[in-house]
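Okay, structure first, notes after.
Keep in mind that the numbers below use all heavy atoms, side chains included, and drop hydrogens, waters and symmetry copies.
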Amino acid sequence: MRSFVAMPMEEGAIAALVAAQSYLPFGKPVPEENLHLTLAYLGEVSETVLETLHDLLDSARLPAPEISFGALGTFAEMERGLVYAEVHPTPALTALQSKVAQVARQAGADLPRRRFRPHVTLMRANRQPVGPARDRLAAAMGQNCDIPGFTARRMSLYQSTLTPHGAVHEVMADYPLG
(Lines give C-alpha, C1' and ligand atoms only; values in the text may rest on other atoms or scores of the structure.)
Protein backbone atom coordinates (compact mmCIF):
# COMPACT_ATOMS: atom_id res chain seq x y z
CA MET A 1 0.00 0.00 0.00
CA ARG A 2 1.42 3.40 -1.02
CA SER A 3 1.63 5.44 2.19
CA PHE A 4 3.18 8.41 3.97
CA VAL A 5 3.14 10.23 7.31
CA ALA A 6 2.38 13.94 7.13
CA MET A 7 0.94 16.95 8.91
CA PRO A 8 -2.30 18.29 7.46
CA MET A 9 -2.57 22.05 7.05
CA GLU A 10 -4.88 24.23 9.12
CA GLU A 11 -7.71 26.17 7.47
CA GLY A 12 -6.02 29.59 7.48
CA ALA A 13 -2.89 28.15 5.91
CA ILE A 14 -4.92 26.20 3.33
CA ALA A 15 -6.69 29.35 2.13
CA ALA A 16 -3.36 31.18 1.73
CA LEU A 17 -1.71 28.18 0.01
CA VAL A 18 -4.58 27.97 -2.49
CA ALA A 19 -4.23 31.72 -3.12
CA ALA A 20 -0.48 31.23 -3.74
CA GLN A 21 -1.30 28.55 -6.30
CA SER A 22 -3.22 31.10 -8.36
CA TYR A 23 0.02 33.07 -8.90
CA LEU A 24 1.81 30.13 -10.48
CA PRO A 25 1.55 30.17 -14.27
CA PHE A 26 2.45 26.57 -14.93
CA GLY A 27 1.50 23.03 -13.92
CA LYS A 28 -1.43 21.43 -12.14
CA PRO A 29 -2.35 22.71 -8.66
CA VAL A 30 -2.36 20.20 -5.82
CA PRO A 31 -5.99 19.86 -4.71
CA GLU A 32 -6.83 21.69 -1.50
CA GLU A 33 -7.61 18.42 0.30
CA ASN A 34 -4.14 17.06 -0.56
CA LEU A 35 -2.08 19.95 0.87
CA HIS A 36 0.22 18.58 3.60
CA LEU A 37 3.77 18.59 4.94
CA THR A 38 5.35 15.15 4.48
CA LEU A 39 7.37 13.82 7.40
CA ALA A 40 8.11 10.37 5.94
CA TYR A 41 7.24 9.02 2.50
CA LEU A 42 6.95 5.27 2.98
CA GLY A 43 6.24 4.24 -0.61
CA GLU A 44 4.76 0.79 -1.13
CA VAL A 45 4.66 -1.01 2.22
CA SER A 46 2.84 -4.05 3.53
CA GLU A 47 -0.12 -3.97 5.87
CA THR A 48 2.13 -5.57 8.51
CA VAL A 49 4.54 -2.61 8.32
CA LEU A 50 1.62 -0.17 8.53
CA GLU A 51 0.14 -1.95 11.56
CA THR A 52 3.51 -1.93 13.34
CA LEU A 53 4.06 1.72 12.43
CA HIS A 54 0.58 2.61 13.68
CA ASP A 55 1.25 0.93 17.04
CA LEU A 56 4.60 2.71 17.39
CA LEU A 57 3.24 6.14 16.44
CA ASP A 58 0.16 5.67 18.62
CA SER A 59 2.34 5.13 21.70
CA ALA A 60 4.98 7.79 20.88
CA ARG A 61 5.08 11.15 22.64
CA LEU A 62 5.92 13.60 19.88
CA PRO A 63 6.38 17.40 19.97
CA ALA A 64 3.91 19.91 18.51
CA PRO A 65 6.11 22.07 16.27
CA GLU A 66 5.40 25.60 15.14
CA ILE A 67 4.93 25.72 11.38
CA SER A 68 5.99 28.91 9.61
CA PHE A 69 6.31 29.50 5.91
CA GLY A 70 9.00 31.12 3.79
CA ALA A 71 9.35 31.61 0.07
CA LEU A 72 8.06 29.81 -2.99
CA GLY A 73 10.61 27.40 -4.41
CA THR A 74 11.30 24.55 -6.76
CA PHE A 75 13.81 21.73 -6.82
CA ALA A 76 16.63 22.16 -9.38
CA GLU A 77 14.93 24.24 -12.07
CA MET A 78 11.71 22.20 -11.96
CA GLU A 79 13.70 18.98 -12.29
CA ARG A 80 11.26 17.18 -9.99
CA GLY A 81 8.31 18.92 -11.61
CA LEU A 82 6.94 20.74 -8.59
CA VAL A 83 6.66 24.14 -6.96
CA TYR A 84 6.37 24.39 -3.20
CA ALA A 85 5.90 26.75 -0.27
CA GLU A 86 8.97 26.47 1.95
CA VAL A 87 8.44 25.59 5.62
CA HIS A 88 11.11 26.85 8.02
CA PRO A 89 13.00 23.86 9.51
CA THR A 90 12.75 24.63 13.23
CA PRO A 91 14.53 22.38 15.75
CA ALA A 92 11.16 20.97 16.93
CA LEU A 93 10.01 20.19 13.37
CA THR A 94 13.34 18.60 12.47
CA ALA A 95 13.26 16.51 15.67
CA LEU A 96 9.71 15.37 14.88
CA GLN A 97 10.63 14.35 11.34
CA SER A 98 13.71 12.51 12.57
CA LYS A 99 11.68 10.59 15.16
CA VAL A 100 8.98 9.68 12.62
CA ALA A 101 11.64 8.43 10.18
CA GLN A 102 13.30 6.41 12.96
CA VAL A 103 9.98 4.81 13.96
CA ALA A 104 9.10 4.09 10.30
CA ARG A 105 12.43 2.28 9.82
CA GLN A 106 11.87 0.39 13.08
CA ALA A 107 8.48 -0.72 11.71
CA GLY A 108 10.18 -2.09 8.58
CA ALA A 109 9.85 0.75 6.05
CA ASP A 110 12.87 1.24 3.78
CA LEU A 111 13.25 5.04 3.84
CA PRO A 112 15.98 6.75 1.82
CA ARG A 113 18.44 8.75 3.90
CA ARG A 114 18.26 12.33 2.69
CA ARG A 115 18.23 15.78 4.17
CA PHE A 116 14.80 16.94 5.36
CA ARG A 117 13.60 19.93 3.32
CA PRO A 118 10.19 20.78 4.76
CA HIS A 119 7.73 22.12 2.23
CA VAL A 120 4.13 21.99 1.05
CA THR A 121 3.82 21.08 -2.62
CA LEU A 122 1.58 23.56 -4.46
CA MET A 123 1.95 22.66 -8.13
CA ARG A 124 3.11 19.68 -10.21
CA ALA A 125 4.16 19.56 -13.85
CA ASN A 126 5.25 16.80 -16.21
CA ARG A 127 7.79 19.02 -17.93
CA GLN A 128 9.81 22.16 -17.37
CA PRO A 129 8.16 25.46 -18.31
CA VAL A 130 9.38 27.36 -21.37
CA GLY A 131 9.01 30.89 -22.71
CA PRO A 132 6.78 33.36 -20.83
CA ALA A 133 5.57 30.72 -18.36
CA ARG A 134 9.18 30.03 -17.35
CA ASP A 135 9.84 33.77 -16.94
CA ARG A 136 6.73 34.26 -14.76
CA LEU A 137 7.59 31.21 -12.70
CA ALA A 138 11.18 32.40 -12.22
CA ALA A 139 9.86 35.78 -11.04
CA ALA A 140 7.64 34.05 -8.46
CA MET A 141 10.43 31.88 -7.04
CA GLY A 142 12.02 33.19 -3.89
CA GLN A 143 9.06 35.48 -3.16
CA ASN A 144 7.87 35.27 0.42
CA CYS A 145 4.37 33.95 0.86
CA ASP A 146 1.89 35.53 3.22
CA ILE A 147 0.82 32.20 4.71
CA PRO A 148 -0.16 32.19 8.39
CA GLY A 149 1.79 29.84 10.60
CA PHE A 150 0.28 27.52 13.16
CA THR A 151 1.12 25.00 15.84
CA ALA A 152 0.77 21.48 14.43
CA ARG A 153 -1.49 19.57 16.79
CA ARG A 154 -1.64 16.31 14.84
CA MET A 155 -0.04 14.25 12.14
CA SER A 156 -1.63 11.53 10.06
CA LEU A 157 -0.82 8.24 8.38
CA TYR A 158 -2.13 8.41 4.81
CA GLN A 159 -2.84 5.91 2.09
CA SER A 160 -2.20 7.38 -1.36
CA THR A 161 -3.93 5.92 -4.40
CA LEU A 162 -2.85 7.03 -7.86
CA THR A 163 -5.69 7.63 -10.32
CA PRO A 164 -5.76 9.05 -13.87
CA HIS A 165 -6.87 12.36 -12.29
CA GLY A 166 -4.08 12.47 -9.68
CA ALA A 167 -3.41 11.06 -6.25
CA VAL A 168 -6.20 10.53 -3.74
CA HIS A 169 -5.03 10.70 -0.12
CA GLU A 170 -7.03 8.97 2.60
CA VAL A 171 -6.27 9.38 6.31
CA MET A 172 -5.85 5.96 7.92
CA ALA A 173 -4.98 7.24 11.43
CA ASP A 174 -4.36 10.50 13.28
CA TYR A 175 -1.78 11.03 16.05
CA PRO A 176 -1.86 13.95 18.48
CA LEU A 177 1.25 16.09 18.86
CA GLY A 178 2.37 17.93 21.95
Separation between CZ of R115 and OG1 of T94, rounded to the nearest 0.5 Å: 10.0 Å
Pairs flagged by salt bridge (Lys or Arg N to Asp or Glu O under 4.0 Å) wherever residues 159-169 is involved - sequence neighbours left out: none
Test item: S22 side-chain N/O and A19 main-chain N/O as donor-acceptor pair under 3.5 Å: yes
Nearest atoms (heavy-atom pairs only) where I67 meets A152: CG1-CB, 4.1 Å
Reported OH-to-CZ distance for the pair Y84 and F69, which is rounded to 0.5 angstrom: 13.5 Å
Residues forming a side-chain contact (heavy atoms from CB on, under 4.5 Å) with S68, sequence neighbours excluded: H88
M7 and P65, any side-chain heavy atoms less than 4.5 Å apart: yes
Residue pairs involving residues 40-53 (criterion side chain to side chain donor-acceptor pair (under 3.5 Å); sequence neighbours excluded): R2-Y41
For D174, side-chain contact (heavy atoms from CB on, under 4.5 Å) partners two or more places apart: R154, S156, V171
V120 and I147: CA distance, side-chain angles, deciding distance, side-chain contact (heavy atoms from CB on, under 4.5 Å) verdict: CA-CA 11 Å; V120 176; I147 301 170; over 6 Å; no
pair D110-R105: side-chain heavy atoms closer than 4.5 Å: no
Hydrophobic cluster membership, V168 vs M123, 4.5 Å side-chain cutoff: no
Distance-only donor-acceptor pairs under 3.5 Å for side chains of residues 28-37, two or more places apart:
residue: K28; atom: NZ; partner: H165; partner atom: O; Å: 2.8
residue: N34; atom: ND2; partner: A167; partner atom: O; Å: 2.9
residue: H36; atom: ND1; partner: N34; partner atom: O; Å: 2.6
residue: H36; atom: NE2; partner: T38; partner atom: OG1; Å: 3.0

Salt bridge (Lys or Arg N to Asp or Glu O under 4.0 Å) contacts in which one or both residues fall within residues 86-103, not counting sequence neighbours: none
same_hphob_cluster(L122, F4) at 4.5 Å side-chain heavy-atom cutoff: no
Point-to-point distance, once rounded to the nearest 0.5 Å, from OG1 of T121 to CG of L82: 4.5 Å
Partners meeting side-chain contact (heavy atoms from CB on, under 4.5 Å) with P63 (sequence neighbours left out): L96
pair V103-V100: side-chain heavy atoms closer than 4.5 Å: no
Minimum-distance pair of heavy atoms, taken over all atoms of A13 and P148: CB-O, 3.8 Å
Partners meeting side chain to side chain donor-acceptor pair (under 3.5 Å) with R153 (sequence neighbours left out): none
Residues that Y175 engages under side-chain contact (heavy atoms from CB on, under 4.5 Å), provided they are two or more places apart: H54, L57, D58, M155, L157, A173
Side chain proximity check, L93 to L39, heavy atoms < 4.5 angstrom: yes
Within one Ile-Leu-Val-Met-Phe-Trp-Tyr cluster: Y158 and M9, side-chain cutoff 4.5 Å: no
Validation row: E170, T161 side chains within 4.5 angstrom (heavy atoms): no
Which residues share a side chain to side chain donor-acceptor pair (under 3.5 Å) with E66, sequence neighbours left out: T151
L53 and V5: CA distance, side-chain angles, deciding distance, side-chain contact (heavy atoms from CB on, under 4.5 Å) verdict: CA-CA 10 Å; L53 177 61; V5 178; 4.1 Å; yes
Within-4.5 Å side-chain heavy-atom neighbours: M172 and S3: yes
Cluster link L17 to Y23, ILVMFWY, side chain under 4.5 Å: no
